[in-house]
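Order of listing sets the numbers, starting from 1, for every ligand and every atom in it. Nothing here was measured: the structure is a model prediction, and the numbers come from that model.
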Amino acid sequence: MVSKGELPLGCCVDLSRGSVRKVVIAGNWKMHMTCAEARRYIDDFLPRIQNVPSERDVVLAPPFTALSTVCTATGDSRVLISSQNVHWDDNGAFTGEISAPMLHEHGVSYTIVGHSEPRKYYSEPDEVINHRARGAQAHGLIPILCVGESNSQREENLTEQVIRRQVEQGIEGVDVTNLVIAYEPIWAIGTGKTCACEEANRICELIRRWVGSDDIIILYGGSVKPGNIDEIMAQTHINGVLVGGASLDPVGFARIANYQPLAATAI
Ligand code: 13P
């Protein structure tokens, strides 16, 4: 078996679903976890996800400093690795940035682009986010393109307009068959306020229409927890989750990966 770090460029993950719908359960650790903490986390986490159905990709996005540790500690397990960002050039004078070949060397398969935090704190525009997504794909990484409205945009009834712009500009020139989109309403991130499942589902359906692909994998993110995952994953247009705070606890995140959609439990 080829280990994550030995995958050739351009063939990291197969997003095609075959007859079974693919699901992505991703944990974004943001600026948390030293290497020692990450190692302890993985030791605790791996035995808990052994029975997760095979059509679910379990993905962890550690900070850059812990990528190597997490890749080594997860070995040939089913955990896939995401970076939290990527630059579009292979190398160059871009202080603080990281390139797709550098990430690939560490066994990275996915990369988060357009998260609301860099959009907000560093004013990252859609054009830059689009460059990142295209650069990632050029090296076989699958971008997880984040979109979402702020609270004030929501209150001004601008949700659809804002997300449509983020989607359309974000995917320009991007191969949508190798793309994941994460709908993360900003007002739901780290606040404990989850978007009502029906509303999240409605927005995800709109995103699917705007992308123009029935097969695009769309995640929901924003205060996902063990207590609400089963309801979220029962929604027809939600194909997974991007989890922040709750992914820092290996027990809770394993419960999220082992979700039981409500419709299925009712049978
Ligand atoms: P929380 O799950 O902490 O709300 O964060 C969501 C997020 O930003 C994932 O990228």
Side-chain angles (χ1 to χ4, degrees), residues 23-33 37-38 41 45 56-64 66-67 70 79-86 103 108-122 124 129 132-133 136 141-151 153-154 159 162-163 166-167 170 179-197 199-201 203-204 207 217-233 235 238-259:
V23 164
V24 176
I25 304 292
N28 175 8
W29 285 357
K30 306 191 180 183
M31 198 174 70
H32 293 279
M33 298 271 184
E37 288 166 342
Y41 180 109
F45 183 61
R56 299 182 195 172
D57 271 7
V58 180
V59 181
L60 287 172
F64 295 137
L67 279 175
V70 172
V79 174
L80 295 168
I81 314 292
S82 174
S83 65
Q84 297 180 17
N85 202 1
V86 66
L103 294 169
V108 170
S109 312
Y110 287 91
T111 182
I112 296 171
V113 298
H115 193 278
S116 64
E117 285 145 15
R119 282 186 195 265
K120 175 175 156 196
Y121 297 125
Y122 317 123
E124 254 200 21
I129 292 159
R132 293 192 191 280
L141 299 183
I142 296 180
I144 302 176
L145 170 66
C146 301
V147 297
E149 81 285 7
S150 67
N151 196 37
Q153 289 164 335
R154 176 176 172 242
T159 299
V162 166
I163 295 169
Q166 291 174 340
V167 168
L179 175 73
V180 172
I181 294 188
Y183 170 52
E184 298 204 304
I186 297 170
W187 50 269
I189 294 178
T191 58
K193 291 187 207 159
T194 320
C195 182
C197 287
E199 173 62 2
N201 195 49
I203 298 292
C204 291
I207 292 172
I217 295 174
I218 305 180
L219 316 184
Y220 168 77
S223 296
V224 175
K225 298 182 274 286
N228 58 22
I229 184 67
D230 296 343
E231 191 185 359
I232 291 169
M233 290 309 298
Q235 307 304 311
I238 298 180
N239 313 123
V241 284
L242 183 55
V243 187
S247 74
L248 297 172
D249 166 28
V251 179
F253 190 50
R255 168 64 184 88
I256 289 172
N258 283 292
Y259 72 87

### Message
Would Thr191 count as being in polar contact with ligand 1, using the rule that some N or O on each side must be under 3.5 angstrom apart?
### Response
no
### Task
Would you mind reporting whether Val113 and Glu124 have side-chain heavy atoms less than 4.5 Å apart?
no
### Query
How many angstroms lie between CG in Leu242 and CD in Glu184, if you round to the nearest 0.5 Å?
4.5 Å
### Message
Within ligand 1, which atoms have a heavy atom of Leu242 less than 4.0 Å away?
### Response
9 (C), 10 (O)
### Query
Does Lys225 reach ligand 1, in the sense of a heavy atom lying below 4.0 Å from it?
no
### Qualifying residue, where the test is side chain to side chain contact (heavy atoms under 4.5 Å, CB included) with Trp187 and the options are Cys195, Ser116, Ser223
Cys195
### Task
Fit a plane to each ring of Phe45 and Phe253, take the angle between them on a 0 to 90° scale, and name the class: parallel (under 30°), tilted (30 to 60°) or perpendicular (over 60°).
parallel
### Nitrogen or oxygen atoms of Glu117 and ligand 1 under 3.5 Å apart
no
### Any Gly190 heavy atom less than 4.0 Å from ligand 1
yes
### Task
Report the nearest protein non-hydrogen atom to atom 2 (O) of ligand 1: residue, atom name, distance rounded to 0.1 Å.
Gly244 N, 2.9 Å
### Task
Compare all side-chain heavy atoms of Tyr183 with those of Glu149 and state whether any distance is below 4.5 angstrom.
yes
### Protein contact to atom 3 (O) of ligand 1 [nearest heavy atom, distance to 0.1 Å]
Gly245 N, 2.8 Å
### Query
Taking atom CG of Asn258 and atom CZ of Arg56, what is their separation to the nearest 0.5 Å?
7.0 Å
### Query
Does some non-hydrogen atom of Ala188 fall short of 4.0 Å from ligand 1?
yes
## Note on the structure
atom 7 (C) of ligand 1: closest protein heavy atom, distance to 0.1 Å, is Glu184 OE2, 3.2 Å
### atom 10 (O) of ligand 1 [closest protein heavy-atom partner, distance rounded to 0.1 Å]
His115 NE2, 2.9 Å
### Message
Would Gln166 and Ile129 count as a side chain to side chain contact (heavy atoms under 4.5 Å, CB included) here? Give the steps.
### Response
CA-CA 9 Å; Gln166 291 174 340; Ile129 292 159; over 6 Å; no
#### Entry: Asn28, portion touching ligand 1 at heavy-atom distance under 4.0 Å
side chain
### Message
When you measure from the heavy atoms of Ser223 to every atom of ligand 1, does any distance fall below 4.0 Å?
### Response
yes
### pair Thr159-Gln153: side-chain heavy atoms closer than 4.5 Å
no
